[in-house]
Amino acid sequence: MKTPNAFLGSLPTTIFTTMSQLAMAHGAINLGQGFPDTEGPAELIDAAAEALKDGRNQYAPLTGLPELREAVARANRRDYGLDIDPATEVIVTSGATEALAVSLMALIEPGDEVVLIEPLYDTYLPVLRLLGAVPRCVRVEAPDWHLPEDALRAAFSAKTKLILLNSPMNPSGKVFSQQELDLIASLVLEHDCYALCDEVYEHLTFGVKHIPLMTRPGMRERAIRIGSAGKSFSVTGWKIGYITACPALTAVIAKAHQIIAFSSAPNLQRAVAKGLDLGEPFFTTLSDSLRARRDLFAEGLHALGFPTLPADGSYFVVADISAHANGRDDVAFCRDLVIESGVAAIPVSAFYDPQGAEPPRHLIRFAFCKTEAVLTEALDRLGRHFSPQEG
């Protein structure tokens with residue numbers, strides 16, 4: 001019998017699935033996967049429920065319901081001063097992951113090179129390789145997640161089709177500065193390529209402001225901006241994403257979206273439209289709440305001998321296990337952490353290209369987007385097993 005797709009068949013079970021299954025088997029607190037343990041805003045849940053009863057449950061338009069596309073355009077203007085045409089420059093997708101996939105399908109030809117910044121979200125590389133792209137990875141380095149200019153410049157070439165930029169960044173929590181964005185923009189212009197911008201954590205920043213690359217000089221026609229209702233409104237199961245790009249790009253992206261998903265649940269689209277109009281007060285409250293939980297958990301980790309790295313955005317904080325590793329790498333440490341302490345985390349080495357240079361093996365990622373009670377219980381469990389004097 002002929003074999004299925006060899007590349008997909010070769011992919012291992014993701015570390016996220018592995019650690020979640022291990023956490024379930026051992027009754028551990030799962031701080032591995034990045035999803036909140038509370039519901040999103042009640043008004044959005046109610047709006048989604050009511051929208052199921054209004055007789056509009058058939059296919060939504062290919063590019064999304066007009067009310068959501070208009071809300072995305074209003075949010076772009078309100079938050080970033082971007083003047084977006086909702087009719088021609090917005091596409092609603094089944095989550096940000098689909099948005100990434102169809103945007104890459106619309107831009108990539110086999111053999112094109114794509115610049116990525118490690119550590120990176122684990123979906124990027126498999127999709128790129130399925131499309132025949134050649135990844136060129138550049139690392140931001142711990143402990144301050146510095147972006148090395150020389151290495152970034154060297155990654156670009158005449159074959160570069162795009163850079164895939166994630167800011168705020170998973171897993172590091174890095175939020176790229178205006179200076180860094182202007183460097184990236186200059187390289188995009190110099191090499192006549194595009195920028196695909198994964199900005200799903202755009203509203204989840206702490207003490208710094210997220211700046212879309214699309215707002216920088218020369219980027220309006222070259223950048224594709226991706227947002228996520230799941231992250232912005234703590235409803236990750238809804239899988240509603242949205243793309244903002246110029247008409248020349250959305251026209252091609254829409255063709256890829258048509259053959260992958262075509263449309264997304266109309267009741268959820270209408271609820272997300274209401275959510276986007278909640279505006280700055282809602283997002284400020286959300287980010288302040290997450291910042292308090294980040295600080296609670298990071299301070300607790302530090303007291304137990306796990307220094308944490310800067311995390312200016314997202315759901316995640318990265319901790320250094322060196323004082324407690326006792327010769328174990330991050331993968332072995334995370335497995336033992338579940339079994340011995342009852343807390344699940346993710347080894348940061350999982351966020352690097354397995355075909356690239358050796359990744360750091362002394363860092364693990366925790367998701368702090370949980371209630372304070374859950375985070376406190378996790379710290380208590382860790383405290384029963386570790387002490388700051390170890391190592």
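Just so it is clear, the values below take in all heavy atoms, side chains as well, and ignore hydrogens, waters and symmetry mates.
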Between R270 and A51, is there a donor-acceptor pair closer than 3.5 Å when you use the side chain of the first and the backbone of the second? yes
Do the side chain of T284 and the main chain of P281 share a donor and acceptor less than 3.5 angstrom apart? no
Given side chains that start at C-beta, do those of L120 and F351 come closer than 4.5 Å, heavy atoms only? no
C334 vs I346 side-chain heavy atoms within contact, under 4.5 Å: no
Take F206 and R294, measure what side-chain contact (heavy atoms from CB on, under 4.5 Å) needs, and give me the verdict at the end. CA-CA 9 Å; F206 320 121; R294 177 205 65 176; 3.7 Å; yes
Can you name the residues that form a side-chain hydrogen bond (donor to acceptor under 3.5 Å, both in side chains) with N76, not counting sequence neighbours? R225, T244
If you round to the nearest 0.5 Å, how far is NZ of K370 from CG of N30? 6.0 Å
Note: N5 and F7 closest approach over all heavy atoms is OD1-N, 3.1 Å
How long is the gap from CD1 on I364 to CG on D329, to the nearest 0.5 Å? 11.5 Å
State, with a plain yes or no, whether a side-chain heavy atom of L375 is found less than 4.5 Å away from one of L31. yes
Can we say R216 and D182 salt-bridge, meaning some charged N sits less than 4.0 Å from an Asp/Glu carboxylate O? yes
Could you walk me through whether L165 and L196 pass the side-chain contact (heavy atoms from CB on, under 4.5 Å) check? CA-CA 6 Å; L165 177 67; L196 178 56; over 6 Å; no
Look up atom NZ in K231 and atom CZ in F35, then write down how far apart they are to the nearest 0.5 Å. 11.0 Å
Just verifying a value: how many Å separate L301 CG and E299 CD, rounded to the nearest 0.5 Å? 10.5 Å
Tell me if a side-chain donor or acceptor on S264 pairs with a main-chain N or O of S94 at a distance below 3.5 Å. yes
Donor-acceptor pair, side chain of E70 and main chain of P86, under 3.5 angstrom: no
Name all pairs fulfilling the ring-ring contact (aromatic ring centres under 6.0 Å, His included) condition that reach into residues 120-169, sequence neighbours left out, sorted by first residue then second. Y121-Y124, F156-H191
Go through T17 and S20 one step at a time and tell me if the side-chain hydrogen bond (donor to acceptor under 3.5 Å, both in side chains) criterion holds. CA-CA 5 Å; T17 297; S20 291; over 6 Å; no
Looking at S172 and V318, what are the two nearest heavy atoms and their distance? CA-CG2, 4.3 Å
Identify whether M214 and L162 are in the same connected component of the hydrophobic contact network (ILVMFWY, side-chain heavy atoms under 4.5 Å). no
Using a 3.5 Å distance criterion without hydrogens, assess whether the side chain of R153 forms a donor-acceptor pair with backbone atoms of D150. no
Using the test side-chain hydrogen bond (donor to acceptor under 3.5 Å, both in side chains), find all partners of R335 that sit at least two apart in sequence or belong to another chain. none
For R293 and S289: C-alpha separation, side-chain torsions, deciding distance, then whether side-chain hydrogen bond (donor to acceptor under 3.5 Å, both in side chains) applies. CA-CA 6 Å; R293 285 176 273 168; S289 171; 2.8 Å; yes
Lys/Arg cation over aromatic F233: K274, 6.0 Å, 45° cone: no
Given the rule that I, L, V, M, F, W and Y join up when any side-chain heavy atoms are under 4.5 Å apart, are V102 and V90 in one cluster? no
What pairs with V208 under side chain to side chain contact (heavy atoms under 4.5 Å, CB included), at least two apart in sequence or on another chain? V175, T205, D312
If hydrophobic clusters are built by linking Ile, Leu, Val, Met, Phe, Trp and Tyr wherever their side-chain heavy atoms come under 4.5 Å apart, do Y194 and I226 end up in the same one? yes
Give a yes or no answer on whether the side chain of E89 reaches the backbone of D85 with a donor-acceptor pair at less than 3.5 Å. yes
Show, in sequence, the C-alpha distance, side-chain angles and deciding distance for N170 and S314, and conclude whether the side-chain hydrogen bond (donor to acceptor under 3.5 Å, both in side chains) test is met. CA-CA 7 Å; N170 173 16; S314 82; over 6 Å; no
Between D83 and R77, which heavy-atom pair has the shortest distance, and what is it? OD1-NH2, 2.8 Å
Has S341 got a side-chain atom pairing as donor or acceptor with V338's backbone, closer than 3.5 angstrom? no
To the nearest 0.5 Å, what is the distance between CD1 (I243) and SG (C197)? 12.0 Å
Salt bridge (charged side-chain N to carboxylate O under 4.0 Å, His left out) partners of residues 101-130, not counting sequence neighbours, each pair once: D112-K161, E113-R136, E118-R139, R129-D353
Would you say the side-chain atoms of N166 pair up with the backbone N or O of D198, donor to acceptor, closer than 3.5 Å? yes
For E202 and G227, work out which heavy atoms get closest and say how close. OE2-CA, 4.0 Å
Say you draw a straight line from CG of L181 to CE of M219; how long is it, rounded to the nearest 0.5 Å? 10.5 Å
Work out which heavy atom in L65 is nearest to a heavy atom in P266; give both atom names and the distance. CD1-O, 3.4 Å
Linking I/L/V/M/F/W/Y whenever any side-chain heavy atoms sit under 4.5 Å apart, do I91 and I84 land together? no
Pair L44, W238 - check side-chain contact (heavy atoms from CB on, under 4.5 Å), show working. CA-CA 11 Å; L44 265 68; W238 284 16; 4.2 Å; yes
Which residues satisfy the ring-ring contact (aromatic ring centres under 6.0 Å, His included) test with F297, sequence neighbours excluded? F366
For residues P347 and F333, determine if any side-chain heavy atom of one lies less than 4.5 Å from a side-chain heavy atom of the other. no
Worked check of ring-ring contact (aromatic ring centres under 6.0 Å, His included) between F368 and Y315: CA-CA 6 Å; F368 58 80; Y315 283 159; 7.4 Å; no
Whether F283 and H203 hold their rings parallel, tilted or perpendicular, with breakpoints at 30° and 60°: parallel
Measure across V343 and R381 and return the closest heavy-atom pair with its distance rounded to 0.1 Å. CG2-CB, 4.0 Å
Please test L128 against V134 for side-chain contact (heavy atoms from CB on, under 4.5 Å), starting from the C-alpha separation and ending with a verdict. CA-CA 7 Å; L128 286 169; V134 180; over 6 Å; no
Validate the cation-pi geometry between R365 and F316: distance from NZ or CZ to the six-membered ring centre under 6.0 Å, angle to the ring axis within 45°. yes
Heavy-atom distance under 4.5 Å between the side chains of L363 and L309, does that happen here? yes
Before giving the answer on side-chain hydrogen bond (donor to acceptor under 3.5 Å, both in side chains), spell out for T13 and T18 the whole-Å C-alpha distance, their side-chain angles and the decisive distance to 0.1 Å. CA-CA 7 Å; T13 301; T18 299; 5.4 Å; no
In terms of hydrophobic clustering (I, L, V, M, F, W, Y; side-chain heavy atoms under 4.5 Å; direct or indirect links), are L11 and M19 co-clustered? no
Please check if the side chain of K239 supplies one atom and the backbone of A96 the other of a donor-acceptor pair under 3.5 Å. no
Any chance the rings of H324 and F306 have centres within less than 6.0 Å? yes
Verify, without hydrogens or angle tests, whether Q258 (side chain) and A254 (backbone) share a donor-acceptor contact under 3.5 angstrom. no
Lys/Arg N to Asp/Glu carboxylate O, E67 vs R56, below 4.0 Å: yes
